[in-house]
Amino acid sequence: MYTFKKIVTYILDILFPYECAGCRAHGVLFCNRCLESCPRATSTKHSFIYAVFDYQNPIIKRSLWRFKYENVRAFAEIFARPLYEKILDELCDDIDTHQQEKYLLIPIPLHSSRRRERGYNQSEHLAQGVMSHDNSSIFEFAPEVLIRIRKTKPQARAEKRTSRITNLHEAFTCPDPTRIRGRTIILIDDVTTTGATLLSAKHTLSSAHPRKILACTVAH
Ligand SMILES: [Zn+2]
């Protein structure tokens, strides 16, 4: 019986290489039930930053690690829906009263050398995932608007808060300020801890006078 179970598991592993990060069910990276039951993030200390899940939850933490460092890009599709819903929640009043032009969806960029090294930018995949839910066409995907000009140490090996903030000073540039003047910007990232990266990006973009800047991350 034990051997039979092992054979079945072996076959399932080949047929469905993924298993749910929560309940280990075969065939999905994260089943809906487990995703829905993950604890939600408390509010961040920066009023422009919104997050969906609590980063302290081990299932969320492990999944985001795999998404970022182990090339499991399919997590973008899993996290894009709750991220999209969170953005809509936060924007609902704005959509009713102010929306004229599309909201610019800007993923936090990696430095070009880090992107080459990793082969992809997880935030860009998330933003593209959000775009795939945008049936009412209220978003415009604009990854070219923000460029990372300074390499920073990966967040996973974050140092003390103060040195991280110094490290991020002028980490970004906005090559074409006319693209964002008067527009509403939504920055997308996988995780925020101190908020330093998003603050630095906001600082850079603010000099081009957008109407408003929000940031939304999968976890905090
Ligand atoms: Zn599950």
Side-chain angles (χ1 to χ4, degrees), residues 1-45 49-92 105 107-108 110 115 118-136 138-139 141 154-158 186-195 197-198 214-220:
M1 194 61 196
Y2 178 68
T3 317
F4 176 71
K5 203 177 162 192
K6 262 173 86 173
I7 293 168
V8 170
T9 310
Y10 178 73
I11 293 168
L12 283 173
D13 280 343
I14 293 172
L15 290 176
F16 310 106
Y18 294 136
E19 59 175 34
C20 172
C23 67
R24 306 278 170 216
H26 279 278
V28 279
L29 267 176
F30 220 136
C31 76
N32 274 335
R33 208 174 55 172
C34 288
L35 195 65
E36 293 304 323
S37 65
C38 281
R40 300 278 153 161
T42 51
S43 53
T44 72
K45 56 176 174 287
I49 304 177
Y50 303 93
V52 184
F53 295 109
D54 182 358
Y55 191 52
Q56 294 315 311
N57 178 269
I59 303 170
I60 292 291
K61 204 171 201 166
R62 171 85 186 116
S63 300
L64 285 171
W65 177 275
R66 295 185 67 206
F67 177 39
K68 194 167 182 170
Y69 298 113
E70 292 180 0
N71 203 19
V72 191
R73 303 181 203 191
F75 272 114
E77 288 152 42
I78 305 286
F79 290 126
R81 188 182 49 82
L83 196 58
Y84 169 75
E85 287 165 359
K86 181 76 182 168
I87 297 168
L88 282 199
D89 269 3
E90 299 307 330
L91 280 178
C92 61
L105 215 56
I108 291 294
L110 295 175
R115 198 202 153 96
R118 201 178 289 169
Y120 65 106
N121 173 4
Q122 73 284 355
S123 302
E124 206 173 301
H125 282 277
L126 280 172
Q128 280 165 331
V130 170
M131 289 302 293
S132 72
H133 290 277
D134 182 29
N135 295 326
S136 348
I138 61 168
F139 299 123
F141 182 53
Q155 202 161 349
R157 277 167 252 150
I186 300 151
L187 293 167
I188 299 289
D189 209 356
D190 53 343
V191 182
T192 182
T193 48
T194 62
T197 306
L198 293 167
L214 303 177
C216 206
T217 68
V218 173
H220 159 62

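Both counts, for ligands and for their atoms, begin at 1 and track the order of listing. Please read all numbers here as calculations on a predicted model, not as lab measurements. The basis for the numbers below is simple: all heavy atoms, side chains too, and nothing from hydrogens, waters or symmetry mates.
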| Mind checking what makes side-chain hydrogen bond (donor to acceptor under 3.5 Å, both in side chains) contact with S123, not counting sequence neighbours? | D189
| Minimum heavy-atom separation for Q122 to F67, with atom names? | O-CZ, 3.3 Å
| query | Any side-chain heavy atom of E124 within less than 4.5 Å of one from F141? | reply | yes
| query | What are the protein N/O/S atoms, named by residue and atom, that sit under 2.8 Å from the Zn ion (ligand 1)? | reply | C20 SG, C23 SG, C31 SG, C34 SG
For residues 49-56, which side-chain N or O atoms pair as donor and acceptor with protein atoms under 3.5 Å away, sequence neighbours left out?
residue : atom : partner : partner atom : Å
Y50     : OH   : S47     : O            : 3.4
D54     : OD1  : Q56     : N            : 2.9

| request: Taking the side chain as every heavy atom from C-beta outward, state whether N32 and R81 have any pair of such atoms under 4.5 Å apart. | output: yes
| note | The side-chain contact (heavy atoms from CB on, under 4.5 Å) partners of N71 (sequence neighbours excluded) come to R73, Y120
